[in-house]
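Values in this document were obtained by computation on a predicted structure and should not be read as measured data. Convention: sequence-line order gives letters A, B, ...; per-chain numbering from 1.
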Amino acid sequence: MNILYDERVDGPLPSVDKPALLAALREALPDLDILHRSEDLKPYECDGLSAYRTLPLLVALPERLEQVQALLRLCHQRGVPVVARGAGTGLSGGALPLSQGILLVMARFNRILEVNPQGRFARVQPGVRNLAISQAAAPHGLYYAPDPSSQIACSIGGNVAENAGGVHCLKYGLTVHNLLKVEILTVEGERLTLGSDALDSPGFDLLALFTGSEGMLGIVTEVTVKLLPRPQVARVLLASFASVEDAGRAVADIIAAGIIPAGLEMMDNLAIRAAEAFIHAGYPVDAAAILLCELDGVEADVHDDCARVDAVLRQAGAREVHLACDEAERVRFWAGRKNAFPAVGRISPDYYCMDGTIPRRELPQVLAGISQLSETYGLRVANVFHAGDGNMHPLILFDANLPGELERAEALGGRILELCVAVGGSITGEHGVGREKINQMCAQFNSDEITLFHAVKAAFDPRGLLNPGKNIPTLQRCAELGALHVHHGQLPFPDLERF
Amino acid sequence: MGTDLSQQLLGQVNQALRQGTALRIQGGNSKAMLGRPVAGELVDTRGHRGIVSYDPTELVLTARAGTPLREIEATLREAGQMLPCEPPHLGPEATLGGMVAAGLSGPRRPWAGAVRDYVLGTRLITGHGKHLRFGGEVMKNVAGYDVSRLMTGSFGCLGLLTEVSLKVLPRPRQCLGLRLEMDARQALARLAEWGQQPLPISAASHDGEALHLRLEGGEGSVRSARERLGGEVVDPRYWSDLREQRLAFFSAPATLWRLSLPITCGVLELPGQQLIDWGGAQRWLKSEAPAASLRALVAEVGGHATAYAPGDDSSAPLDLMTLRYHQALKRQLDPQGIFNPGRLYAHL
């Protein structure tokens, strides 16, 4: 089923009179930058999930909080849907516009308001780029830990909305673990503070609930993040294996030895070869899998842990273990991994990046399953894997110019995510559901669970004006999918009406 | 292992929904000093117990809500692992469900994170009489809203927890207690400075006379920090005594208050006795001063105060906007208001 908004299954959207809305906005907010001509709207028709595009009704580019507030009030009064967007780097279509909705671009809120070294926090506007926070904190020896691979471009408001991760999550957590306070505007344009300047706040943990809610519960207007002292040293080991099973076992053995690496990444042979051809990182192209294990902290501990990990890796059957001899080599080892996606882009006209998580022990079975699916669908799959926290990024290689390949890639991707759910994992570890995985939500959650998600949404946005259609599917959508997708002769939603 | 009473618990909730009866959820009843007393039919979770799965190499433990916390900690200890948030038991019968529902964290909290940071998934019985699963046993999971973390610290007001999956971590190889003679002002200044450096500090408290530090990490980092920071080596049991409120400070007769403060707020002059925890971000206060005046002083510096004495004054009040969204969530998730009504706030 197509993932673009479909009123038949995703619910009716209000029909909005564009000229009247534009006139009302101009009258209420004469100094607000609004784009309305289709050639101006074009650059905003998609986010990082560029296979799906919808021209928004209007694009608003506010610069002041009061403008956002007034815009939300006006949209609330007139029943106009609002889709928030930060830097537009999201990979799940969380900021995919609606043809009947305003795209609210928060990118101009790009000021760092405060860096407080004593308090180890930074207070920033939502359009500030992830990396810019660490750069501003660097003179104090501090940094902001979550580092999604888009960190040079992605903005912190989007990070909060998606609960962004990165390669260092196992040790340093996701966005939700690194926030103190978030200021939001509700759908009615009222200010609400989640969290506090202290480490907790009274009542329910609305900050945790809001983090990762994909613009469905409110609009982020200010973020206070925690800063950490930069580790004294970081070292990385590169180990090569004759089988992915051995590499998977080595990961478990490292954890069992009581070591929590800062980063622990796995790549399979196809990904290794693509990265090596692109970056010349020094990867062994004949290995079935490699592990990159980064250890950081105080020098003496890192030195000891490197020796421990080296021993564990060899014990687990590594063919070769190489400790990066200097910073240049460390950076080169990482460059291969960090450029794995564009590297795959060089060996295939198009690729589709998945984001499932699994319990780590299931890795060999899941990789075997993926390789079977890859044969069935006739598409190659390269695997890169945040092995420490069980987050897989299978990259499906296809050619969009060949008829039917995109659809086949999507179908294969869907099957891979269902495989993740079947072994107790999740359809998304860090990219979010957005529109991309709206159908797979029906595989991960039953109708009662989805109903409870809708109840949470209703507490904040009863009319469903914020980012309609994202994150949580309607029961109708799941029912129709269920009808297409009968498991063991049983429908997943047996007691639901079907049309 | 253990006993699965989830069907009975579901039956009890469904009966309460049919009859419109309020339910009072209770595990070991070790956190009764917080919030308000609830009038309602008792739901005793302690029969629903047992560790459902634990694989140390996955760093995840799943157990039923009524499982005693000490059983979980003993199991983890055997595998060389721990709950990094060091949840206070505050009684011998403390359960996993109570730990998550109360959301209290111990001395390691500013460095390792709070209870909610380690909650990966939950199963819960909802106000619609359904037994549902949210989150799971994986470290990263951003599908749908984070209902599991919303449940953490909600004192059973939004549903009945039946099972929780937690992220766990290896115990540090070295643990060392230090005592440094200095006053509170000096201690807070030092902590602000050390906080910007990569030191293996995992707990920091000032007891009125001296700064207590706990160092945790590898042999090398603990040794070099110990040499650098000076002071005398003391028994690290100070930290479990602080967590369980067994230090002499806690036995004074006045009301016990927990103040949660911005780490930068410095020494705070308040009526009564103080003990600094969480490197300054949490302070314990023994005071007879009226709640309203204490709360005003604490709010002025950006913090909030919780009384460890049951009643209307226990939970820090919410501003009107925040209260509105609390009520909206309560209405949506527990429309008949059967779960611990009034446990946190009178009309919630």
Side-chain angles (χ1 to χ4, degrees), chain A residues 117-120 140-142 163 165 169-170 174 177 190 192 197-206 208-209 212-213 229 231-232 252 255-256 258 260 298 300-301 304 357-361 389-391 424-430 432-433 441 444-445 448-449 452-453 455-456 458-459 472, chain B residues 55-59 80 109-110 113-114 116-117 126 130 132 134 136-147 149-150 152-154 169-170 173 192 195-198 200 217-221 224 260-264 278 281 302-304 315-316 318 321-322 325-326 328-329 332-333 344:
Chain A
Q118 280 81 36
R120 291 169 335 261
H140 309 287
L142 302 171
N163 193 12
C169 291
L170 179 65
L174 294 110
H177 302 107
E190 292 192 87
L192 181 64
D197 294 323
L199 291 177
D200 47 43
S201 45
F204 303 149
D205 198 335
L206 299 184
L209 175 67
S213 64
Q232 217 172 36
I255 307 288
I260 300 296
V298 176
D301 288 359
D304 292 354
T357 58
I358 54 168
R360 250 185 289 99
R361 60 177 173 268
D389 46 28
N391 191 184
S426 169
I427 58 168
T428 173
E430 56 186 1
V433 174
M441 282 292 282
Q444 185 162 341
F445 296 100
D448 291 326
E449 287 152 357
L452 187 121
F453 285 144
V456 170
I472 315 294
Chain B
D55 177 351
T57 69
E58 293 281 336
L59 299 175
R109 193 264 174 260
R116 63 97 135 157
D117 292 321
T126 69
K130 306 284 183 184
L132 307 179
F134 294 97
E137 295 195 300
V138 287
M139 300 285 161
K140 288 159 102 179
N141 185 353
V142 293
Y145 301 118
D146 201 338
V147 173
R149 290 200 168 95
L150 172 66
T152 310
S154 66
L169 286 177
R173 275 196 295 278
Q196 297 167 61
Q197 301 162 13
E219 293 81 359
S221 65
S224 66
S260 180
L261 300 165
I263 206 159
T264 46
W278 290 8
H304 64 92
S315 307
L318 303 174
M321 271 297 282
T322 307
Y325 285 95
H326 275 64
L329 273 170
Q332 288 292 336
L333 302 188
L344 267 175

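Summarising the geometry of B/Ala143 relative to A/Ser426, their closest heavy-atom pair is CB-OG, 3.9 Å, with the distance given to 0.1 Å. Closest heavy-atom contact between A/Arg120 and B/Gln196: CD-N, 4.1 Å. Between B/Ala316 and A/Pro202, the shortest heavy-atom contact is O-CB, 3.5 Å. A/Ala459 and B/Ala328 make their closest contact through O-CB, 3.5 Å (heavy atoms, listed as atom of the first residue, atom of the second, distance). Across B/Ile263 and A/Gly119, no two heavy atoms sit closer than the pair CG2-CA, 3.6 Å.
Comparing B/Val142, B/Leu169, B/Asp146 by heavy-atom pairs within less than 4.5 Å of chain A, the highest count is held by B/Val142. When A/Gly165, A/Gly141, A/Ala208, A/Gly432 are compared by the number of non-hydrogen pairs under 4.5 Å with chain B, A/Ala208 comes out ahead. Among A/Gly212, A/Ala198, A/Gly424, A/Ala458, the residue with the largest count of heavy-atom pairs under 4.5 Å with chain B is A/Ala198. Of the residues considered (B/Ser224, B/Gly195, B/Pro110), B/Gly195 shows the highest number of contacts with chain A, using heavy-atom pairs under 4.5 Å. Contact count against chain B (heavy-atom pairs under 4.5 Å) is highest for A/Pro117 among A/Pro117, A/Ala256, A/Gly425. The candidate with the highest count of non-hydrogen atom pairs below 4.5 Å against chain A, out of B/Glu137, B/Glu219, B/Met321, is B/Met321. The greatest number of non-hydrogen atom pairs below 4.5 Å with chain B, out of A/Met441, A/Gln444, A/Glu430, A/His177, is found for A/His177. When each of B/Ser154, B/Gly136, B/Ser260 is scored by its heavy-atom pairs under 4.5 Å with chain A, the top score falls to B/Ser260. When each of B/Gly144, B/Gly80, B/Ala192 is scored by its heavy-atom pairs under 4.5 Å with chain A, the top score falls to B/Gly144. Ranked by heavy-atom pairs under 4.5 Å with chain B, the list A/Pro359, A/Gly390, A/Ser213, A/Gly258 is led by A/Pro359.
Taken from OG in A/Ser201 to NE2 in B/His304, the straight-line distance is 6.0 Å, to the nearest 0.5 Å. Interatomic distance, CZ of B/Arg109 versus CG of A/Leu199, reported as 4.5 Å (0.5 Å rounding). Atom CD of residue A/Gln118 and atom OG1 of residue B/Thr264 lie 8.5 Å apart, to the nearest 0.5 angstrom. Note that CG of A/Asp389 is 11.5 Å distant from CG of B/Asn141, once rounded to the nearest 0.5 Å. Of the inter-residue distances, the one linking A/Arg361 atom CZ with B/Asp55 atom CG reads 5.5 Å to the nearest 0.5 angstrom. Note that OG1 of B/Thr152 and CG of A/Leu209 are 11.5 Å apart. Values are rounded to the nearest 0.5 Å.
Between A/Asp448 and B/Thr126 there is no side-chain heavy-atom pair separated by less than 4.5 Å. The side-chain heavy atoms of B/Pro198 and A/Pro231, taken from C-beta on, include no pair separated by under 4.5 Å. B/Gln197 places none of its side-chain heavy atoms less than 4.5 Å from the side chain of A/Gln232. Looking at heavy atoms from C-beta onward, B/His326 lies in side-chain contact with A/Leu206 at the 4.5 angstrom threshold. Here the side chains of B/Arg149 and A/Asp205 are not in contact, with every heavy-atom distance at 4.5 Å or above. Between B/Thr322 and A/Leu192 the shortest side-chain heavy-atom distance falls below 4.5 Å.
Side chain of A/Arg360 to main chain of B/Thr57: a donor-acceptor pair is present (N/O by atom type, distance under 3.5 Å, no hydrogens or angles).
In this structure, chain A has no heavy atom under 4.5 Å from any part of B/Ala114. Contact annotation for B/Leu329: both backbone and side-chain heavy atoms come within less than 4.5 Å of a heavy atom of chain A. Using a 4.5 Å cut-off between heavy atoms, A/Ile358 contacts chain B through its backbone alone, with no side-chain atom that close. Using a 4.5 Å cut-off between heavy atoms, A/Asn163 touches chain B through backbone and side chain atoms alike.
Using modelled atom types and a 3.5 Å distance limit, the side chains of A/Asp301 and B/Ser221 yield a donor-acceptor pair.
For A/Glu449, the side chain to side chain contact (heavy atoms under 4.5 Å, CB included) criterion is met by A/Phe445, A/Asn446, B/Leu132, B/Arg133, B/Phe134, not counting sequence neighbours.
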Exercise for review: Carefully, step by step, assess A/Cys169 and B/Met139 under the rule side chain to side chain contact (heavy atoms under 4.5 Å, CB included).
Suggested key: CA-CA 9 Å; A/Cys169 291; B/Met139 300 285 161; over 6 Å; no
Exercise for review: Could you walk me through whether A/Leu452 and B/Tyr145 pass the side chain to side chain contact (heavy atoms under 4.5 Å, CB included) test, one step at a time?
Suggested key: CA-CA 10 Å; A/Leu452 187 121; B/Tyr145 301 118; over 6 Å; no
